[in-house]
Amino acid sequence: MAHDISTGLHPTNLLANAASSYLRSAMRQPIQWNEWGEAAFQRAQRENKPILLDIGAVWCHWCHVMDRESYDSAEVANIINENFIAIKVDRDERPDVDSRYQSAVQAISGQGGWPLTAFLTPDGRPFFGGTYFPPDDHWGRPGFKRVLQGIATAFKEKHDEVLDSAESVMNALSHQELFAGRSSDVDPQTIENIIQAALKMFDPMYGGFGNAPKFPHSSAIDLAIDYAARTGNQEVRTMVSVTLQKMALGGIYDHLAGGFHRYSVDEKWIVPHFEKMSYDNSELLKNYVHAYQAFREPRFGAIAQDIIRWTDEWLSDRERGGFYASQDADHSMDDDGDYFTWTLDETRAVLSEDELRVAGEYYDIGEVGEMHHNHLKNVLHVNASIATIAQRANKSADQILDLLASAKKKMYAARLQRPTPYVDKTVYVSWNGMMISAYLQTAGALDLQQVRRFALKSLDRILAEAWDVQESKLAHVIAYSDENAPKRAVSGMLDDYAFLAVACLNAYEASSDLSYFRFAHNIVDAMIARFFDAAAGGFFDTEKDAGEQLGALISRRKPLQDSPTPAGNPMAAIACLRLHQYTNEERYRLCAEETLECFAGVADHFGIFAATYGIALRLLTSAHTQVVIMGEDEVADTLERVAQERFQLGKVVLQIGKAVGHNLPPALAETLPNLPGAGEGRSAAVICSGFACQPLIHDPEQLRKALEPRATP
């Protein structure tokens with residue numbers, strides 16, 4: 001039902017029928033919003049009106065700002081409803097739509113992001129766009145009302161020019177990410193080139209890469225951790241350690257609840273964009289636990305456990321299993337991180353004098369804070385060491401730590417009484433695959449059995465609800481935040497298949513339950529059948545024979561660039577390579593190799609944004625290592641702990657119990673039972689590499705020495 005501005009009432013528009021939280025939040029706006037779909041495009045063509053496309057997310061601060069300033073305005077609504085067909089898209093629900101129009105708007109305006117505001121021909125071809133527009137001319141940006149009126153006029157009076165522009169954009173979009181004619185032989189030197197690109201961008205003062213705004217770049221960090229551990233390169237190790245340490249000390253880290261915000265607006269990691277994403281925290285969790293394993297620095301292990309503490313509390317369905325999508329930055333449109341920040345008076349109200357003195361100095365809480373909208377608000381970040389505070393206060397370090405722990409507990413309890421930013425409880429398959437893998441890797445490295453159990457419980461739910469056994473097909477979403485909302489069947493995309501297949505292999509290694517291996521096998525087979533380009537190599541992000549070809553979806557896309565989640569093509573290659581390790585079926589290795597060859601001619605140009613490609617290349621060009629633990633006693637447990645101590649890309653640890661002839665995938669089933677001593681019942685470890693296994697190892701210290709990293713070029 002469209003909004004009748006003259007009545008002053010606010011009935012719902014068509015988004016009342018949506019499932020996504022972001023779309024449903026706009027159901028009472030006066031705009032005649034449509035969901036992305038055939039009906040909206042048919043109406044645009046029937047009425048010969050341009051399309052206004054808004055792409056955003058429920059966690060997006062500037063999306064909320066534009067909603068309040070423009071889309072809630074009756075004046076703006078009149079312009080839009082008269083001249084445009086308005087379509088609203090949730091970028092989390094439809095990353096395929098978002099990725100194409102992001103590329104298009106970047107080509108048009110030189111920038112992308114959310115909210116994405118694009119203007120399309122009635123058949124969905126983009127001809128103009130931008131991101132946030134203020135309602136009136138401001139900050140050097142044209143006002144949204146002026147933009148709307150100008151576009152409407154241009155579409156009517158300069159129609160041929162609009163169509164020519166749309167055609168030009170679509171041609172650029174069609175060629176942008178297919179990398180036609182750019183394939184070549186893979187070159188391990190690409191890994192070195194990515195590392196060198198990271199070193200050139202590294203900020204030695206504050207950590208991270210480049211200037212403000214700063215994003216974590218988790219895939220680049222993981223590749224660098226492996227590189228430093230493998231080569232002994234101290235410069236790369238310093239780059240990783242400084243970056244992880246500075247992020248954990250900064251305001252991008254939530255010092256009360258745990259977990260990381262999405263990115264920092266300043267080079268010092270102090271003032272973040274306050275939304276907290278599942279995918280950022282899953283990949284940072286891997287970074288910190290891998291750095292703990294590689295460098296044996298306990299502080300990194302502690303941060304990993306704190307990320308899990310926050311995820312358990314805020315982004316986990318503890319009853320059914322599964323991980324939610326995100327926590328918003330704000331609790332209302334008038335807020336800008338107020339839930340997470342503190343005035344000195346707010347801090348004083350909940351702490352004792354001694355606690356205030358310690359917390360105020362440690363977290364730099366003063367009369368003047370860092371927030372531009374409210375200068376009294378402080379972002380908690382570490383500003384002084386415990387030793388320095390102890391010396392100034394004439395107390396012991398333990399006394400300071402006790403006071404700080406008490407202050408944090410009281411501040412968090414007080415924060416929980418504030419209006420809480422919205423948690424989007426949508427369960428996305430791809431992001432769950434990422435978090436399940438992160439949980440399982442952390443559980444193995446830190447011996448956290450409850451973490452392992454919840455990860456497996458979550459995977460069981462995803463497989464039960466997302467995997468269609470009859471069709472061999474995955475869904476993208478298994479549950480929406482509003483359980484009473486109408487359901488939407490969104491087909492799985494490449495990321496869903498790749499991330500979930502890897503999670504299944506991690507689950508097999510964590511449990512020795514062969515059913516997880518079989519799921520991985522089936523998912524990878526389906527991924528190849530549905531997405532792989534057998535003619536040119538590489539994977540499309542959507543199914544080759546997808547029925548929906550609306551708008552820019554007609555352009556094929558093979559994602560290479562991490563943005564910010566690991567890119568689909570290298571992740572698909574990783575899934576294939578991981579499966580090849582267990583099956584020795586050459587078709588999986590060839591599929592991965594052809595995928596990496598597809599991008600070999602351009603990967604170097606992407607620098608750290610091709611880091612996941614670098615990880616896949618590392619797996620392809622180096623022998624994999626499988627450490628198989630046989631036995632179920634204390635010795636076996638000790639052997640497993642030793643095997644988990646060091647991080648190395650391509651190394652997996654699998655405890656199979658006493659039944660050496662069972663619970664094994666094909667490649668190991670052909671080898672392990674035939675090893676001398678394998679059936680004797682004595683606990684042992686076996687190191688297998690390149691489909692050949694070494695003699696049994698019974699002594700944990702001997703295993704530790706056998707797994708010690710040896711410097712390689």
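Quick note: residue numbers are just sequence positions, from 1.
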Taking the six-membered ring where the residue is Trp, are the ring centres of Phe41 and Trp36 under 6.0 Å apart? yes

Between the side chain of Asp280 and the main-chain N/O of Met277, is any donor-acceptor distance below 3.5 Å? no

Side chains of Trp467 and Asn522, donor plus acceptor under 3.5 Å: no

Just how far is it from atom CZ of Arg91 to atom CD1 of Ile55, taken to the nearest 0.5 Å? 9.5 Å

Determine, using ring centers only, whether Phe119 and Phe84 are less than 6.0 Å apart. yes

Grab the two heavy atoms, one from Gly537 and one from Lys558, that are nearest each other, plus how far apart they are. O-NZ, 2.7 Å

Below 6.0 angstrom between ring centroids: does that apply to Phe128 and Phe155? no

Whether the side chain of Ser25 engages the backbone of Tyr22 through a donor-acceptor N/O pair (distance < 3.5 Å, no angle test) should be reported. yes

Test Asp98 against every option in Arg94, Gln102, Arg100 by the side chain to side chain donor-acceptor pair (under 3.5 Å) rule and name the one that passes. Gln102

What is the minimum heavy-atom distance between Asp468 and Glu471, and which atoms define it? OD1-N, 3.0 Å

Give a yes or no answer on whether the side chain of Lys487 reaches the backbone of Glu483 with a donor-acceptor pair at less than 3.5 Å. yes

Can you name the nearest heavy-atom pair linking Ala329 to Pro421, along with the distance? O-CG, 4.1 Å

Is there a donor-acceptor contact under 3.5 Å from the side chain of Ser70 to the main chain of Asp67? no

Considering all heavy atoms of both residues, which atom of Arg418 and which atom of Asp338 are nearest to each other, and what is their separation? NH1-O, 3.2 Å

Are the ring centres of Tyr339 and His331 closer than 6.0 Å? no

Taking all heavy atoms of Ile87 and all of Ile51, pick out the closest pair and write down the distance. CD1-CG2, 3.7 Å

Does the ring center of His61 lie less than 6.0 Å from the ring center of Phe274? no

Taking atom types as modelled, find out whether Tyr613 and Gln561 have a side-chain donor-acceptor pair closer than 3.5 angstrom. no

Could you walk me through whether Met435 and Tyr279 pass the side chain to side chain contact (heavy atoms under 4.5 Å, CB included) check? CA-CA 7 Å; Met435 188 65 82; Tyr279 58 73; over 6 Å; no

Minimum heavy-atom distance between Ser491 and Glu543, given as atom pair plus value: CB-OE2, 4.5 Å

Val89 and Glu35: CA distance, side-chain angles, deciding distance, side chain to side chain contact (heavy atoms under 4.5 Å, CB included) verdict: CA-CA 7 Å; Val89 170; Glu35 285 190 78; over 6 Å; no

Under 3.5 Å: donor-acceptor pair, side chain of Asn569, backbone of Phe539: yes

Indicate yes or no for a side-chain donor-acceptor contact from Lys544 to the backbone of Ala529 under 3.5 Å, with no hydrogens or angles considered. yes

Polar side-chain atom of Asp562 near backbone of Thr612 as donor-acceptor pair, under 3.5 Å: yes

Does any pair with a residue in residues 484-504 pass ring pair (Phe, Tyr, Trp, His ring centres under 6.0 Å), and if so which ones, sequence neighbours excluded? Tyr497-Phe531

Side chain of Arg461, backbone of Lys457: donor and acceptor closer than 3.5 Å? no

Between Trp33 and Tyr71, does the ring centroid distance fall short of 6.0 Å? yes

Looking at Asp336, Asp328, Asp330, which one forms a side chain to side chain donor-acceptor pair (under 3.5 Å) with His64? Asp328

